[in-house]
**Student:** 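Starting off with a structure, shown below.
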Amino acid sequence: MEYNFRDIEKKWQQQWKESNAYSVSNDVSKPKFYVLDMFPYPSGTGLHVGHPLGYIASDIYSRYKRLKGFNVLHPMGYDSFGLPAEQYALETGQHPSVTTEQNITTFRTQLDKIGFSFDWSREVRTSDPQFYKWTQWIFLQLYNSWYDRSANKARPINELLTIFEKEGSLTLEGRLSEAGFGKEEWDAYDEKQRHDVLMNYRLAYSSFGEVNWCENLGTVLANDEVINGVSERGGHPVVKKKMRQWYLRITEYADRLLQGLEQVEFTESLKEQQRNWIGKSQGAEINFKVKASGPGLAEEKVEKGIKVYTTRPDTIFGVDFMVLAPEHELVVSLTTPDRQDAVNEYLGYVKSRSDRERMSEVKQITGCSTGAFAINPFDGREIPVWIAEYVLAGYGTGAIMAVPCSDQRDYDFAVHFEIPITNIIGSHFNGNEANPTKDAVLENSGFLNGMAMKEAITAAIDKLEELEIGRRQVNYRMRDAGFSRQRYWGEPFPIIWKEGMSHPLPEKDLPLELPHVEKYEPGPEGEGPLANITEWANLPGGGKRETSTMPGYAGSSWYFLRYMDPHNHSEFCNRKVSDYWGQVDLYIGGTEHAVGHLLYSRMWTKVLYDLAYIGHDEPYKKLVNQGMIQGSSRFVYRIKGTNQFVSAGLKHSYDTNPLHIDVNMVDGFELDIEAFRRWKPEFENARFILENGEEHSPGITGEKGVYICGAEIEKMSKSKFNAVNPDQIVEDYGADTFRMYEMFLGPIEQSKPWDTKGIEGVHRFLRKLWRLFYDDLKGKVWNTDKATEAELKVLHRTIKKIEDDTEKFSFNTAVSAFMVCVNELVELKCHKEEILMPLLILMAPYAPHISEELLYQVRSVTRSGENVVQGSVILEAAYPVFEEKFVQETAKEYPVSVNGKVRTNITISLSATQEEVEQIVLDNDTVQKWLGEKLHKKIIYVKGKMVNVVL
RNA sequence: GCCCGGGUGGCGGAAUUGGUAGACGCAGCAGACUCAAAAUCUGCCAUUCGCAAGGAUGUGCUGGUUCGAUUCCAGUCCCGGGCACCA
């Protein structure tokens with residue numbers, strides 16, 4: 001009986017499906033474990049072998065945890081709203097819901113062949129009204145909440161309303177509008193004014209703001225969807241545009257998002273990326289008065305002064321000029337009459353420049369003097385005020401104090417415009433470049449003279465606060481997240497606009513379903529396609545629906561909660577259920593979501609926690625980023641302007657263009673010339689210069705040379721023709737081989753190239769395992785003989801290794817350990833159930849089909865009633881508990897040369913603690929004793945007390 | 001420029017975290033079985049000198065600590081990723 005993986009895998013996949021083997025109950029009596037994959041966007045192109053890598057790892061871990069006795073939640077679903085489906089609809093007129101449905105079907109077919117243990121009864125789709133009903137509901141919770149800075153948590157907006165009605169905003173800590181208002185003023189406000197004030201506090205709020213507008217895509221993009229001034233998708237130019245938008249007040253959570261990173265197990269680099277994105281900096285806000293006697297300056301402008309943000313208040317005596325962002329509100333009023341024309345010209349120039357130019361021409365120094373002077377609050381020095389585009393309106397206060405001796409940009413600016421530079425750091429400043437050191441001792445710095453800069457920072461802030469001209473201030477680089485898209489294929493907002501005021505839909509009207517449309521063109525004035533459906537958008541009572549839709553990250557910000565309670569019609573997720581499942585214990589996915597999805601979902605979790613809908617405030621306990629599986633691309637070299645191709649070794653003698661070709665036409669590096677000619681009509685008559693210099697033309701045969709292709713490791717993708725389809729691999733080698741090989745390739749977190757040839761090794765291993773049970777000639781060969789000590793040792797070493805490796809996610813070394821184990825059992829000619837049964841159970845998470853089949857075969861003779869793959873067999877119960885005596889190491893002896901003498905270096909394994917060992921006097925008797933007893937356990941070597949025995 | 005990772009055979013990668021570097025697999029070479037092929041099995045496989053026994057060198061590079069360093073420390077070079085007029 002041969003290892004017929006096709007039949008075996010088909011049989012068990014069907015069996016698992018029919019028996020609902022992997023459906024999970026919310027059985028609170030068992031310990032839980034939640035293993036989650038980042039759910040996929042169902043694209044039309046289908047899977048390549050890189051996609052399932054993370055799913056295989058999570059599946060192995062889920063199955064392993066099940067065998068360990070946990071109730072494991074391991075769901076899967078689809079992030080099915082998104083741009084590509086809509087783009088496709090624009091081109092073909094196919095409704096996104098139709099293409100999405102088709103893509104999901106293809107996707108599912110491909111996934112099912114790999115033998116995953118997902119509980120499909122819990123499947124979610126973000127585009128399903130029964131799902132986005134709750135996305136809309138959570139949006140309303142955000143809309144109806146504000147962030148209480150004194151309690152440091154979100155609270156219902158009604159409580160804020162009560163505060164306003166009772167005492168206005170004057171007592172509110174960290175209130176948003178500077179001035180604040182009293183109870184009387186609030187009472188005097190009309191409905192619209194109250195609406196606008198409350199809007200300033202809502203966690204989901206609407207506001208006019210500069211947004212990243214992409215003309216080609218006809219939509220607004222989030223900051224992380226814009227890379228170097230062009231759109232992440234398609235690379236189209238992006239400009240700034242003022243529009244009414246929805247935002248999430250994620251900035252209120254900046255500090256908690258930062259602190260939460262300490263509690264979760266993410267990789268250091270991922271935490272670093274999030275910290276970077278949040279961009280917390282500590283410094284001071286300082287108010288500079290404007291010189292009163294400036295020509296044409298009105299009195300009130302002088303009073304207001306210019307507020308700057310700096311992280312280096314210690315350098316305040318080195319301020320030689322001030323710079324305002326061109327968009328700064330004071331620019332117009334500060335400019336003196338004689339500078340008016342120059343400033344206007346400069347503002348015009350800045351406006352003409354796109355974001356892209358501003359970013360790519362960073363080194364170019366531009367600016368313009370306003371003619372006004374500010375006054376250094378400490379020494380009264382008059383400082384010229386400039387405007388320049390290197391200062392950004394959106395960060396800090398939009399104005400800086402420039403210290404050329406310690407900041408390179410300020411230095412460059414000062415040199416360019418010939419502004420004299422004050423040196424406050426003595427010899428640390430060489431006059432040719434700025435020195436941002438914090439180690440200097442201050443000079444020319446008034447009351448800070450002689451102080452080390454590090455101490456001066458605090459001293460300066462204390463003084464500023466004492467004199468009430470500034471205060472300690474923390475700043476974040478992160479901005480509130482744009483939450484509207486002018487698009488069709490997304491969640492509609494449950495909001496109605498009436499007389500400039502927003503009104504939420506009552507909960508009973510949810511879901512607000514996405515209306516069916518025939519056309520997907522953008523609506524008027526940059527509005528979304530929904531604005532075109534006037535009968536939907538305009539309501540009888542005179543109101544108008546919000547016509548933008550929510551962004552892609554809306555549904556993915558909370559989907560992991562819905563898996564817990566997917567069929568609940570009255571709540572997004574029952575509190576008891578979410579208390580049971582709690583955090584995702586293991587989350588597996590790519591790094592590309594480091595600052596998008598992972599940050600937004602953390603924020604939503606914190607909001608839901610604040611409002612007491614769930615009991616934990618970090619969604620993921622541990623995150624593993626799987627690496628990419630790269631493709632090995634192949635190239636042919638076309639001689640420019642011809643239809644002739646030259647072999648890789650000779651390409652340097654010609655002027656050539658490399659051309660990606662399909663890896664399936666290449667055996668190793670050798671091109672299948674006929675396949676290439678059939679590939680595309682234009683190559684039908686292609687001619688070749690082979691590696692040995694021979695020419696090859698259509699119709700001529702008999703040459704011995706071969707065409708050698710060039711090769712390169714790149715990202716795997718259809719367009720590079722280096723994608724390998726998992727369906728083909730599963731067809732040729734089986735799902736178990738595929739699963740194990742993907743793991744065998746290398747560490748899960750690393751990127752590594754795919755090599756189809758290597759899969760043979762893993763496949764051979766599984767066949768070898770099969771032959772431990774079935775001999776080609778003799779048939780059944782397993783038996784119930786008693787195992788020998790040597791065989792037990794092999795088994796137990798493997799058990800220990802596999803458990804350690806699986807817990808550490810070191811799946812590649814685990815697969816190696818299985819191979820070693822089987823090789824050794826073959827050598828020992830061991831066909832004993834006592835050894836093989838535990839091995840199969842141990843292997844079930846990695847290769848579930850073959851394990852289930854062989855266990856079934858053996859069990860039908862010897863056992864019944866257990867099901868390993870479903871997890872009713874607990875690992876400890878299924879195999880003898882790992883016993884140390886079978887894996888003990890003996891003392892290691894090896895010769896070593898010390899100072900010319902040959903000695904024997906002996907490392908002894910001791911079963912003593914570090915402290916105990918250090919008490920032991922290492923004399924010959926002790927050593928003799930140890931060697932005699934062959935102590936074991938962990939190898940402990942005490943520095944300076946090594947045992948050297950002279951031979 | 002700043003911040004993270006990482007440099008080990010022809011290739012993917014191991015090494016119990018300071019103890020015989022190169023497990024396991026691929027590729028390669030030689031052989032067995034076979035009329036032949038497939039499948040399977042055996043041996044070799046870091047570099048170098050040597051017929052061999054054996055020797056020398058070897059974990060990017062240069063030093064240091066140590067009886068002993070792929071592992072720890074300092075410096076340096078290269079590769080990958082992230083951020084970037086953020087005051």
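Owing to the predicted nature of the structure, the values given are computational and were not obtained by experimental measurement. Every chain is numbered from 1 and lettered A, B, ... according to where its sequence line falls, protein lines coming before strand lines.
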**Student:** Taking B/C78 as the reference, what is the distance to B/C61 when you measure between their P atoms (whole Å, please)?
**Tutor:** 15 Å
**Student:** Output a table of nitrogen or oxygen pairs between the protein and nucleotides 26-33 of chain B separated by less than 3.5 Å.
**Tutor:**
residue	atom	partner	partner atom	Å
B/C26	OP1	A/R764	NE	3.3
B/C26	OP1	A/R764	NH2	2.5

**Student:** State whether A/D805 and A/K801 are salt-bridged, where the test is any N-O pair (Lys NZ or Arg NE/NH1/NH2 against Asp/Glu carboxylate O) under 4.0 Å.
**Tutor:** yes
**Student:** Closest to the A/T813 side chain: B/G12, B/C24, B/A15?
**Tutor:** B/A15
**Student:** Do the ring centers of A/Y741 and A/H763 come within less than 6.0 Å of each other?
**Tutor:**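 No, too far apart.
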**Student:** Sort out the partner of B/A23 for me: Watson-Crick or G-U wobble, both distances under 3.5 Å, none otherwise.
**Tutor:**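 With both distances under 3.5 Å required, B/A23 matches none.
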**Student:** Atom CD1 of A/I748 to atom C1' of B/G13: distance rounded to whole Å?
**Tutor:** 15 Å
**Student:** Do A/F5 and A/Y733 pass the ring pair (Phe, Tyr, Trp, His ring centres under 6.0 Å) test, and can you show the C-alpha distance, the side-chain angles, and the key distance before you say yes or no?
**Tutor:** CA-CA 8 Å; A/F5 55 85; A/Y733 300 98; 7.7 Å; no
**Student:** Please tell me which of the listed nucleotides, B/G13, B/C86, B/C24, lies nearest to the side chain of A/Y395?
**Tutor:**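 My answer, after comparing the listed nucleotides, is B/C86.
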**Student:** Ignoring the backbone of A/E268, work out which of B/C41, B/G12, B/G5 is nearest its side chain.
**Tutor:**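 Nearest nucleotide to the side chain: B/G5.
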**Student:** What class does the angle between the rings of A/H597 and A/H593 fall in, given that below 30° is parallel, 30 to 60° is tilted and above 60° is perpendicular?
**Tutor:**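 Ring orientation, 0 to 90° scale: perpendicular.
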**Student:** Check nucleotides 78-83 of chain B for protein N or O atoms closer than 3.5 Å to its own N or O atoms and list the pairs.
**Tutor:**
none

**Student:** Need one value for A/S269: base, sugar-phosphate or nothing, where a base atom within 4.0 Å counts as base even if backbone is also close, heavy atoms only.
**Tutor:** sugar-phosphate
**Student:** Taking atom C1' in both B/G81 and B/G64, compute the distance separating them and give it to the nearest angstrom.
**Tutor:** 31 Å
**Student:** Could you please name the partner base of B/A15, counting Watson-Crick and G-U wobble pairs only when both distances are under 3.5 Å?
**Tutor:** none
**Student:** When you match A/Y476 and A/P747 each to their closest nucleotide on RNA chain B, which lands nearer the 5' end?
**Tutor:** A/P747
**Student:** If B/A32 has a Watson-Crick or G-U wobble mate with both distances under 3.5 Å, name it; if not, just say none.
**Tutor:** B/U40
**Student:** Taking the P atom of each, how far is B/G55 from B/U62, in whole Å?
**Tutor:** 25 Å
**Student:** For A/Y411 and A/N432, indicate whether the former's side chain and the latter's backbone hold a donor-acceptor pair under 3.5 Å.
**Tutor:** yes
**Student:** Among A/V822, A/V820, A/L825, A/L842, find the one that has a side-chain contact (heavy atoms from CB on, under 4.5 Å) with A/T798.
**Tutor:** A/L842
**Student:** To the side chain of A/R767, which of B/G13, B/U40, B/A87 is closest?
**Tutor:**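 So the nucleotide nearest the side chain must be B/U40.
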**Student:** For A/K801, which contact category applies under a 4.0 Å heavy-atom criterion: base, sugar-phosphate, or nothing?
**Tutor:**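 The answer is nothing, as A/K801 stays clear of every strand by at least 4.0 Å.
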**Student:** Could you tell me whether the phosphate oxygens of B/C86, OP1 or OP2, come under 4.0 Å of any side-chain nitrogen or oxygen in A/R409?
**Tutor:**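 Yes, because at least one side-chain N or O of A/R409 sits under 4.0 Å from OP1 or OP2 of B/C86.
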**Student:** Grab the CD-P distance between A/E2 and B/A38 for me, whole Å please.
**Tutor:** 17 Å
**Student:** Would you mind reading off the distance between A/Y733 atom OH and B/G25 atom P, rounded to a whole angstrom?
**Tutor:**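 Result: 17 Å.
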**Student:** Taking only the C1' atom of each, what is the distance from B/A39 to B/C44 in whole angstrom?
**Tutor:** 22 Å
**Student:** Identify, with sequence neighbours excluded, every residue that meets ring-ring contact (aromatic ring centres under 6.0 Å, His included) alongside A/F378.
**Tutor:** A/F317, A/F447
**Student:** RNA chain B: A/E272 or A/S281, which has the more 5' nearest nucleotide?
**Tutor:** A/E272
**Student:** Before accepting this row, confirm whether a basic side-chain N of the pair A/R767/A/E760 lies closer than 4.0 Å to the acidic partner's carboxylate O.
**Tutor:** no
**Student:** Do the side-chain N or O atoms of A/R312 get closer than 4.0 angstrom to the phosphate oxygens (OP1, OP2) of B/C86?
**Tutor:**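 Negative; the distance criterion is not met.
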**Student:** Should A/K757 and A/D755 count as an ion pair when the cut-off is N to O under 4.0 Å?
**Tutor:** no
**Student:** I need the CZ-C1' distance between A/F744 and B/C11, as an integer number of Å.
**Tutor:**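 Atom CZ in A/F744 sits about 12 Å away from atom C1' in B/C11.
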**Student:** Expressed in whole Å, how much space separates the C1' atoms belonging to B/U8 and B/A14?
**Tutor:** 10 Å
**Student:** Would you say A/Y390 places a side-chain N or O within less than 4.0 Å of OP1 or OP2 belonging to B/A87?
**Tutor:**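 So the side chain of A/Y390 is outside the cut-off, no N or O lying under 4.0 Å from OP1 or OP2 of B/A87.
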**Student:** Looking at A/N812, does any N or O in its side chain come under 4.0 Å of the phosphate oxygens OP1/OP2 on B/A23?
**Tutor:**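 The answer is no; no side-chain N or O of A/N812 sits under 4.0 Å from OP1 or OP2.
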**Student:** Please name the nucleotide paired to B/C83 by Watson-Crick or G-U wobble geometry with both distances under 3.5 Å, or report none.
**Tutor:** B/G1
**Student:** When rounded to the nearest Å, what value does the distance between C1' atoms of B/A46 and B/G28 take?
**Tutor:** 14 Å
**Student:** With rounding to the closest Å, how many angstrom separate the C1' atoms on B/U34 and B/U40?
**Tutor:**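 Approximately 12 Å lies between the C1' atom of B/U34 and that of B/U40.
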**Student:** Under a 4.0 Å threshold between the charged nitrogen and the carboxylate oxygen, would A/E268 count as salt-bridged to A/R275?
**Tutor:** yes
**Student:** Could you tell me which nucleotide pairs with B/U76 by Watson-Crick or G-U wobble geometry, both distances under 3.5 Å, or answer none if nothing does?
**Tutor:**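 B/U76 is paired, partner B/G60.
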**Student:** Looking for any heavy atom pair under 4.0 Å, which part of the strands does A/Q408 touch: base, sugar-phosphate only, or nothing?
**Tutor:**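 Result for A/Q408 = nothing.
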**Student:** Say you pick atom P in B/G13 and the same atom in B/U17; how far apart are they, in whole Å?
**Tutor:** 23 Å
**Student:** If the plane angle is over 60° it's perpendicular, under 30° parallel, otherwise tilted; pick one for A/F417 and A/F413.
**Tutor:** tilted
**Student:** A/M401 has an atom CE; how far is it from atom P of B/C86, in whole Å?
**Tutor:** 15 Å
**Student:** Check this for me: does any side-chain nitrogen of one of A/D804 and A/K808 sit under 4.0 Å from a carboxylate oxygen of the other?
**Tutor:** no
**Student:** Would you mind reading off the distance between A/Q750 atom CD and B/U8 atom C1', rounded to a whole angstrom?
**Tutor:**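 A/Q750 atom CD is separated from B/U8 atom C1' by 12 Å.
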**Student:** Measure the distance from CH2 on A/W754 to C1' on B/C11 and round it to the nearest whole Å.
**Tutor:** 16 Å
